[in-house]
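All values below come from the heavy atoms of this structure, side chains included, with hydrogens, waters and symmetry mates left out. One-based numbering along the sequence shown.
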Amino acid sequence: MTDIAIDINVRGRIFTTLRSTVESHGGMLASMLSESWAQSDSSGRPFLNLNPNHFSSMLDDILLAQQSPIDHWGACGDQSVAYFAFLDFL
């Protein structure tokens, strides 16, 4: 299976990542980006009304957790990460 890159509009800031990065473990973020629930911008990209700086940190944490099996989530202490159910990565 080939993974695809997706663009996500987070309050006007465009993030590009792999679909598997945000969907492989389910959780709130995967739901927010699903076709049945996602809001789209005028270019058809999924739109999230979140703080782009926090989203950037969350995306970095997801990527770090995928690359390192250590207990990264316990160390990060970011409530946003817990809210979006990224704890499912462990």
Side-chain angles (χ1 to χ4, degrees):
M1 181 171 126
T2 303
D3 205 359
I4 60 168
I6 59 169
D7 292 329
I8 304 167
N9 180 341
V10 183
R11 280 196 205 158
R13 187 167 158 194
I14 308 303
F15 291 84
T16 302
T17 190
L18 295 175
R19 182 171 288 282
S20 65
T21 300
V22 294
E23 292 186 344
S24 63
H25 296 284
M28 183 70 163
L29 183 59
S31 295
M32 292 175 77
L33 295 174
S34 71
E35 290 182 18
S36 62
W37 191 22
Q39 295 177 329
S40 297
D41 66 11
S42 60
S43 297
R45 295 178 290 236
F47 174 81
L48 300 177
N49 190 20
L50 302 172
N51 181 311
N53 295 325
H54 292 165
F55 185 81
S56 178
S57 294
M58 289 187 295
L59 196 56
D60 286 344
D61 283 342
I62 292 170
L63 293 169
L64 181 61
Q66 286 179 337
Q67 296 168 8
S68 174
I70 63 169
D71 184 11
H72 173 72
W73 299 118
C76 74
D78 187 336
Q79 296 300 317
S80 298
V81 171
Y83 175 76
F84 286 104
F86 295 140
L87 293 174
D88 293 339
F89 281 93
L90 297 177

* **Results of side-chain contact (heavy atoms from CB on, under 4.5 Å) for Thr17 - residues two or more places apart only** =>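 Testing Thr17 for side-chain contact (heavy atoms from CB on, under 4.5 Å), a comparison that skips the adjacent residues, returns Ile6, Ile8, Thr21, Val22, Leu59.
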* Common cluster, Ile14/Ile4, ILVMFWY with side-chain heavy-atom separation under 4.5 Å ->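 The answer is no; the residues belong to distinct hydrophobic clusters.
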* For Asp41, salt bridge (Lys or Arg N to Asp or Glu O under 4.0 Å) partners two or more places apart ->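 In terms of salt bridge (Lys or Arg N to Asp or Glu O under 4.0 Å), with neighbours along the sequence ignored, Asp41 is linked to Arg45.
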* Sequence neighbours left out, what passes side-chain hydrogen bond (donor to acceptor under 3.5 Å, both in side chains) with Thr16? Give chain and number order. =>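 Thr16: side-chain hydrogen bond (donor to acceptor under 3.5 Å, both in side chains) contacts with Asp7.
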* Got a sec, which residues hit side-chain hydrogen bond (donor to acceptor under 3.5 Å, both in side chains) with Asn51, two or more places apart in sequence or on another chain? ->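 If we apply the side-chain hydrogen bond (donor to acceptor under 3.5 Å, both in side chains) test to Asn51, skipping adjacent residues, there are no hits.
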* To do: Calculate, to the nearest 0.5 Å, the distance between atoms CZ and CG belonging to Arg11 and Asn53 respectively.
  =>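 CG of Asn53 is found 9.5 Å from CZ of Arg11.
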* Asked: Roughly how far, to the nearest 0.5 Å, is the OG atom of Ser56 from the CG atom of Asp61?
  ->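 Between Asp61 CG and Ser56 OG, I get 9.5 Å after rounding to 0.5 Å.
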